[in-house]
Peer 1: 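Dropping a structure here in structure tokens format, bear with me for questions.
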Amino acid sequence: MKVTNLRKYDGDSNLRAFFDVETEEGMVVKGFKIVEGINDLFVGNPSEYSKKDDKYYDRVFIPKELKDELEQEAIKEYNQISHSSSDLPF
């Protein structure tokens, strides 16, 4: 499993970045998010809005161990990108 296409989001919300995940078999799952929560950053699964009950529902279900691994990898990459872009002279 590999984090790909990580893109920072600079809008006015707790959303910090979007990214995709590529499996060892080559399957790509798009639409993961890095969100700033109350205590720290966390990964949100791709989700879909339901007008019927005004809620969001995950479109991808991941076992806890795999989700923890994905979260560590995605946040690590996000921090690398954030630190490198803050070193720019402008």
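Keep in mind that what you see is a predicted model, and the values were worked out from it rather than measured.
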Peer 1: Is there a side-chain contact between E48 and Y56 in this structure, where contact means two heavy atoms from C-beta onward sitting under 4.5 Å apart?
Peer 2: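 A side-chain contact under 4.5 Å is absent here.
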Peer 1: Below 4.5 Å, heavy atoms only, C-beta onward: do L6 and I34 meet side chain to side chain?
Peer 2: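 Yes, at least one pair of side-chain atoms sits under 4.5 Å.
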Peer 1: Calculate, to the nearest 0.5 Å, the distance between atoms CZ and CD belonging to R16 and E36 respectively.
Peer 2: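 With rounding to 0.5 Å, CZ (R16) is 4.5 Å from CD (E36).
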Peer 1: Tell me yes or no: between the side chains of K67 and N45, is some donor less than 3.5 Å from an acceptor?
Peer 2: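 Side-chain D/A pair, K67 to N45: present.
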Peer 1: Looking only at non-hydrogen atoms, find the nearest pair between F19 and R7 and report the distance.
Peer 2: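 Closest pair (atom of F19, atom of R7, distance): CA-NH1, 4.1 Å.
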Peer 1: What are the two closest heavy atoms between Y9 and S13, and how far apart are they?
Peer 2: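 Shortest heavy-atom separation between Y9 and S13 comes out as CE2-OG, 3.6 Å.
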Peer 1: Show the nearest heavy-atom pair for residues V29 and P46, with the distance to one decimal.
Peer 2: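 That closest heavy-atom pairing would be CG1-CG, 4.2 Å.
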Peer 1: Rounded to the nearest 0.5 Å, what's the gap from NZ on K30 to CZ on R59? Could you check?
Peer 2: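 K30 NZ to R59 CZ: 13.0 Å, rounded to 0.5 Å.
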Peer 1: Could you pull out the closest heavy-atom pair between A17 and Y78, with the gap in Å?
Peer 2: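 It is CB-CD1, 3.8 Å.
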Peer 1: I need the minimum non-hydrogen distance between M1 and E24, along with the two atoms involved.
Peer 2: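 Nearest heavy atoms, M1 then E24: N-CG, 3.9 Å.
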Peer 1: Hydrophobic clusters here meaning ILVMFWY residues chained together by side-chain heavy-atom distances under 4.5 Å, can you tell me if F18 and I75 are in one?
Peer 2: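 No, F18 and I75 fall in different hydrophobic clusters.
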Peer 1: Please tell me whether V3 and F42 are part of a single hydrophobic cluster in this structure, the criterion being side-chain heavy atoms less than 4.5 Å apart.
Peer 2: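 Per the 4.5 Å side-chain linkage, V3 and F42 are not co-clustered.
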Peer 1: Can you check whether S47 reaches K33 side chain to side chain, under 4.5 Å on heavy atoms?
Peer 2: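 Yes, close enough: below the 4.5 Å cut-off.
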Peer 1: When you check the side-chain N and O atoms of S50 and D53, is any donor under 3.5 Å from an acceptor?
Peer 2: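 A donor-acceptor contact under 3.5 Å links the two side chains.
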Peer 1: Atom CE in M27, atom CG in D20: separation rounded to 0.5 Å?
Peer 2: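 Reported to 0.5 Å precision, the distance equals 12.0 Å.
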Peer 1: Do E65 and D68 have side-chain heavy atoms sitting under 4.5 Å apart?
Peer 2: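 Answer no - side chains too far apart.
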Peer 1: Ignoring hydrogens, what is the shortest heavy-atom contact between A74 and V43? Give both atom names and the distance.
Peer 2: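 Minimum heavy-atom contact is CB-CG2, 4.0 Å.
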Peer 1: Is there side-chain contact between V21 and F32, with heavy atoms separated by less than 4.5 Å?
Peer 2: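 A side-chain contact under 4.5 Å exists here.
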Peer 1: Working to the nearest 0.5 Å, report the span between CD of E77 and OG1 of T4.
Peer 2: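 That separation rounds to 8.5 Å.
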Peer 1: Taking side chain as C-beta onward, heavy atoms only, is L70 less than 4.5 Å from Q72?
Peer 2: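 SC-SC contact between L70 and Q72 ruled out.
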